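Proteins come first, then strands; the chains are lettered A, B, ... in the order of their sequence lines, and each starts at number 1. Bear in mind that the values here come from a model prediction, so they are computed numbers and not experimental data. Values reported hereafter were calculated over all heavy atoms of this structure, with side chains retained and with hydrogens, waters and symmetry mates removed.
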2 protein chains.
Amino acid sequence: MADVAAAAGVSAMTVSRALRRPDTVSEEVRARVEEASRRLGFVPSRVASALASARTMTVAVLIPSLTNAVFIDLLAGVQETLSPQGYQPLVGITGYGPEAEERVLRTQLAHDPDGVILSGLDHTPGTWDLLRGLTIPVVHTMDLSVEGDLMAEGGHGDCPVQTVGFSQFDAGYAVGAHLVARGRRRIGLIAGQLDSRTRQRCDGWRQALRDAGRHDPARELMVPDATSVALGAELLERALATHPDTDALFLCNDDLAQGALFQCARLGIPVPERLAVAGFNDLAGAAWTVPPLTTVATPRRAIGVEAARLLIAGMESRTPQSRENPRRVDLGFRLMVRETT
Amino acid sequence: MADVAAAAGVSAMTVSRALRRPDTVSEEVRARVEEASRRLGFVPSRVASALASARTMTVAVLIPSLTNAVFIDLLAGVQETLSPQGYQPLVGITGYGPEAEERVLRTQLAHDPDGVILSGLDHTPGTWDLLRGLTIPVVHTMDLSVEGDLMAEGGHGDCPVQTVGFSQFDAGYAVGAHLVARGRRRIGLIAGQLDSRTRQRCDGWRQALRDAGRHDPARELMVPDATSVALGAELLERALATHPDTDALFLCNDDLAQGALFQCARLGIPVPERLAVAGFNDLAGAAWTVPPLTTVATPRRAIGVEAARLLIAGMESRTPQSRENPRRVDLGFRLMVRETT
DNA sequence: GCCTCGTTTGTTAGCGGTAACATGCGCATC
DNA sequence: GATGCGCATGTTACCGCTAACAAACGAGGC
């Protein structure tokens with residue numbers, strides 16, 4: 001920067017100003033600085049800038065996994081919103097464990113991000129302590145804070161939170177109600193990856209079935225393994241082995257549902273005639289399976305975009321809104337009724 | 001840090017040493033510093049550390065897209081290898097364009113990463129200039145440099161490169177040869193997302209067909225759109241409309257192939273009896289389609305892991321190996337013969 | 001012509017660590 | 001008992017940029 005300053009015949013400070021806030025220097029100086037800067041191939045060090053200005057222009061983004069398309073879409077939304085504003089996402093992978101999340105968050109915080117985006121509200125007490133102590137904005141995604149009573153559930157105690165997501169419970173309820181409305185009577189559930197969001201979906205589904213008087217706990221098949229097409233195929237067989245008369249199944253994620261559909265095709269089970277199948281998330285291809293899959297479209301990318309927007313607002317205003325102005329943005333979901341039900 | 005130093009009764013320098021290289025201080029001082037550090041909740045600022053030591057402990061990772069599972073797997077491999085060593089990946093999305101890549105690289109470099117991982121070898125001259133000027137290690141992935149003659153192709157001129165990948169050409173050739181070996185005579189090609197890797201695969205396939213005297217350029221259907229299940233379904237129909245007698249198809253990515261399979265099921269086209277179908281990448285679920293998809297398993301995650309390893313070696317040794325010791329790591333591929341062929 | 005004000009540029013002093021060198025100490029050596 | 005050496009710790013001087021304040025300058029008002 002000193003070299004550029006010398007070449008442009010100004011002070012280093014003026015170079016800094018000319019490049020960061022061109023409107024604060026004279027037109028003529030700006031041109032000279034830009035020319036010299038380009039000629040010398042000057043690239044300002046963001047590290048030094050960060051140290052001097054206390055703004056790193058980075059945002060910590062914690063997601064459970066890279067192999068789950070849901071969080072990739074979330075990340076894509078975040079990334080495409082942050083990038084144009086000059087922010088660099090720092091991706092952290094928590095592997096679905098609140099403890100690992102706390103660890104990852106700690107290491108991310110050492111990088112002094114200007115903001116934090118988390119997945120879910122299922123954090124350790126230690127994480128909540130960390131968050132409470134932060135002076136940077138924090139947004140929680142994919143889930144919604146409990147309305148009206150922040151102290152009650154979810155463990156976030158007296159920490160006002162900013163959430164962007166949708167009601168996993170309601171979405172699960174919608175699927176259950178839909179299967180009931182289709183006249184199905186022996187409705188089963190298959191779930192993997194039992195994180196808190198999955199459990200809420202299952203809770204919703206369960207409630208819908210209870211409300212209709214059709215809930216049978218024995219038809220719930222829940223395993224902790226990560227979801228996959230292979231697992232869906234396997235669990236379908238297992239579910240039908242124990243309850244061959246099942247006439248509808250809710251699979252808590254589309255990859256499970258796709259695997260189940262494949263297995264049905266293989267076993268010659270007519271869908272939806274003998275068995276109705278519903279998935280969740282409306283992942284790529286769900287509209288193209290044979291038959292096309294009924295599922296719930298979740299606004300993952302939009303959640304990422306909105307979370308990033310809220311965060312940027314908080315970071316630019318320098319008054320973390322999570323403090324005095326907690327928000328709760330419900331982006332909803334859509335039941336996509338296709339042919340498997 | 002000064003506070004911790006005071007609390008522990010030592011100098012700031014000793015605190016720094018005690019935390020970063022515990023073996024360089026006495027056992028007793030280390031314990032005191034750790035206790036004080038924990039008690040005060042001290043988290044060293046990586047930004048300051050980076051400025052003082054000229055090491056940011058970050059690595060720029062440039063990939064074309066977040067929505068392509070191939071690069072997500074690559075990223076996952078990179079991430080899981082870098083993280084334990086304390087490195088933080090800085091993800092940059094190039095959108096498949098060499099120009100965008102150059103832009104993204106420039107902004108990433110402003111963060112002073114300690115290393116760079118790129119996808120492919122298809123870079124702009126400006127990118128090559130940038131890379132040549134770097135003193136940090138750089139690894140190119142998913143493709144291999146031209147053996148023996150670094151000056152010749154690929155545009156990287158006199159810049160010795162470190163590559164980790166497999167031969168896209170050979171993999172495409174293997175598919176072509178396989179379809180030929182299966183006795184197919186009217187073999188078509190469907191490709192989307194025409195980046196340089198896809199084109200090399202197509203080149204390999206084409207060569208295999210030429211070698212067998214069965215190449216018919218009219219049966220190539222190449223579109224620039226991003227690949228997807230939907231696109232695969234659509235292009236299958238288009239290909240069959242113009243060449244109804246096609247008896248084998250190579251779809252350059254598994255999502256296209258899955259879409260094609262769905263569409264075949266819908267149209268009542270028996271696979272593989274009337275039409276053989278081969279995909280590429282062995283994406284999740286390929287083994288579970290109906291019938292299971294013949295495809296090429298590519299070592300994407302392993303490429304990420306190996307690239308990160310090479311990079312770490314270069315970063316720790318402080319002598320960028322890309323200079324005096326260019327390497328070319330071929331991790332190969334595997335033709336997964338299943339039932340669609 | 002002098003004063004005030006706004007605009008543009010310069011000066012100073014860090015941001016929070018770490019490299020490099022300096023110091024002090026205990027111990028083996030002669 | 002003096003000398004030298006190695007190890008543990010301290011001191012100094014930055015890393016490259018920017019916040020905050022100071023100064024210089026021209027324009028407009030009285």
Side-chain angles (χ1 to χ4, degrees), chain A residues 1-37 40-58 86 88 107 109-114 135-136 315-316 318, chain B residues 1-37 40-58 86 88 107 109-114 135-136 315-316 318:
Chain A
M1 187 180 259
D3 293 349
V4 175
V10 294
S11 71
M13 190 64 238
T14 301
V15 173
S16 173
R17 277 193 279 249
L19 297 178
R20 283 189 316 138
R21 314 204 13 229
D23 53 302
T24 61
V25 299
S26 72
E27 172 58 26
E28 190 232 334
V29 163
R30 191 192 55 66
R32 277 209 326 267
V33 169
E34 276 189 358
E35 191 277 327
S37 171
L40 299 176
F42 174 61
V43 179
S45 159
R46 276 188 186 259
V47 173
S49 169
L51 186 58
S53 67
R55 313 203 72 228
T56 56
M57 298 302 284
T58 62
Q88 167 75 44
T107 71
L109 288 181
H111 286 271
D112 278 324
D114 294 335
T135 56
I136 54 176
M315 295 186 299
E316 315 268 86
R318 302 285 211 137
Chain B
M1 187 180 259
D3 293 349
V4 175
V10 294
S11 71
M13 190 66 239
T14 300
V15 173
S16 173
R17 277 193 279 251
L19 296 178
R20 284 188 315 140
R21 313 205 11 229
D23 53 303
T24 61
V25 299
S26 71
E27 172 58 26
E28 190 232 334
V29 164
R30 191 193 55 66
R32 273 204 335 261
V33 169
E34 275 188 0
E35 190 278 326
S37 171
L40 298 177
F42 173 61
V43 179
S45 159
R46 277 189 184 258
V47 174
S49 170
L51 186 59
S53 67
R55 313 204 71 231
T56 55
M57 299 302 285
T58 62
Q88 167 75 44
T107 70
L109 289 181
H111 285 272
D112 278 323
D114 294 336
T135 56
I136 53 175
M315 294 186 300
E316 315 269 85
R318 300 287 209 139

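- As rounded to whole Å, 22 Å separates atom P of D:dC15 from atom CE of B:M57.
- One finds no side-chain N or O of A:R46 lying less than 4.0 angstrom from the OP1 or OP2 phosphate oxygen of D:dT18.
- Position along DNA chain C of the nearest nucleotide to A:A12 versus A:D23 favours A:D23 as the more 5'-ward residue.
- Summarising the geometry, the separation between CZ on A:R21 and P on C:dT7 is reported as 13 Å, rounded to the nearest angstrom.
- For the pair B:R55 CZ and C:dA19 P, the interatomic distance rounds to 10 Å; values are reported in whole Å.
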**Request:** Decide side chain to side chain contact (heavy atoms under 4.5 Å, CB included) for A:V33 and A:V10; before the verdict, give the C-alpha distance in whole Å, the side-chain angles of both, and the deciding distance to 0.1 Å.
**Result:** CA-CA 8 Å; A:V33 169; A:V10 294; 4.0 Å; yes
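- Among the heavy atoms of the strands, none lies under 4.0 Å from B:V47.
- Rounded to an integer number of Å, the gap from CZ of A:R32 to P of C:dT8 is 14 Å.
- Residues A:R55 and A:M315 come closest through the heavy atom pair NH2-O, 3.3 Å.
- Here C:dA19 is the nucleotide among C:dG10, C:dG16, C:dA19 with the atom lying nearest to any side-chain atom of B:M13.
- Across D:dC17, C:dT11, C:dG16, the shortest atom-to-atom separation from the side chain of A:S11 is found for C:dT11.
- The nearest whole Å value for the distance from the CZ atom in B:F42 to the P atom in C:dG16 is 10 Å.
- Checking C:dG10, D:dG16, C:dG16 against every side-chain atom of B:A52, the shortest atom distance belongs to C:dG16.
- Rounding to whole angstrom units, CG of residue B:L51 and P of C:dC15 are separated by 13 Å.
- The phosphate of D:dG10 has OP1 or OP2 within less than 4.0 Å of a side-chain N or O from B:T14.
- Among the nucleotides C:dG17, D:dT9, D:dC17, the one closest to the side chain of B:R17 is D:dT9.
- Rounding to the nearest 0.5 angstrom, the gap separating the OG1 atom in A:T107 from the CD atom in B:Q88 is 6.5 Å.
- To the nearest 0.5 Å, atoms CZ (B:R20) and OG (B:S53) are separated by 6.5 Å.
- Comparing C:dA19, C:dG17, C:dG14 by their closest approach to the side chain of B:S53 singles out C:dA19.
- In this entry the distance linking CD of A:E27 with P of C:dT7 reads 17 Å, nearest Å.
- Between A:E35 and A:R32, none of the side-chain N atoms (NZ, or NE/NH1/NH2) sits under 4.0 Å from a carboxylate O, so this pair counts as no salt bridge.
- Proximity of A:S26 to the phosphate of C:dT9: a side-chain N or O atom is located under 4.0 Å from OP1 or OP2.
- Nearest-nucleotide positions on DNA chain D place B:V10 closer to the 5' end than the other of A:M1 and B:V10.
- One can place CG of B:D112 at 18 Å from P of C:dG17, the figure rounded to the nearest angstrom.
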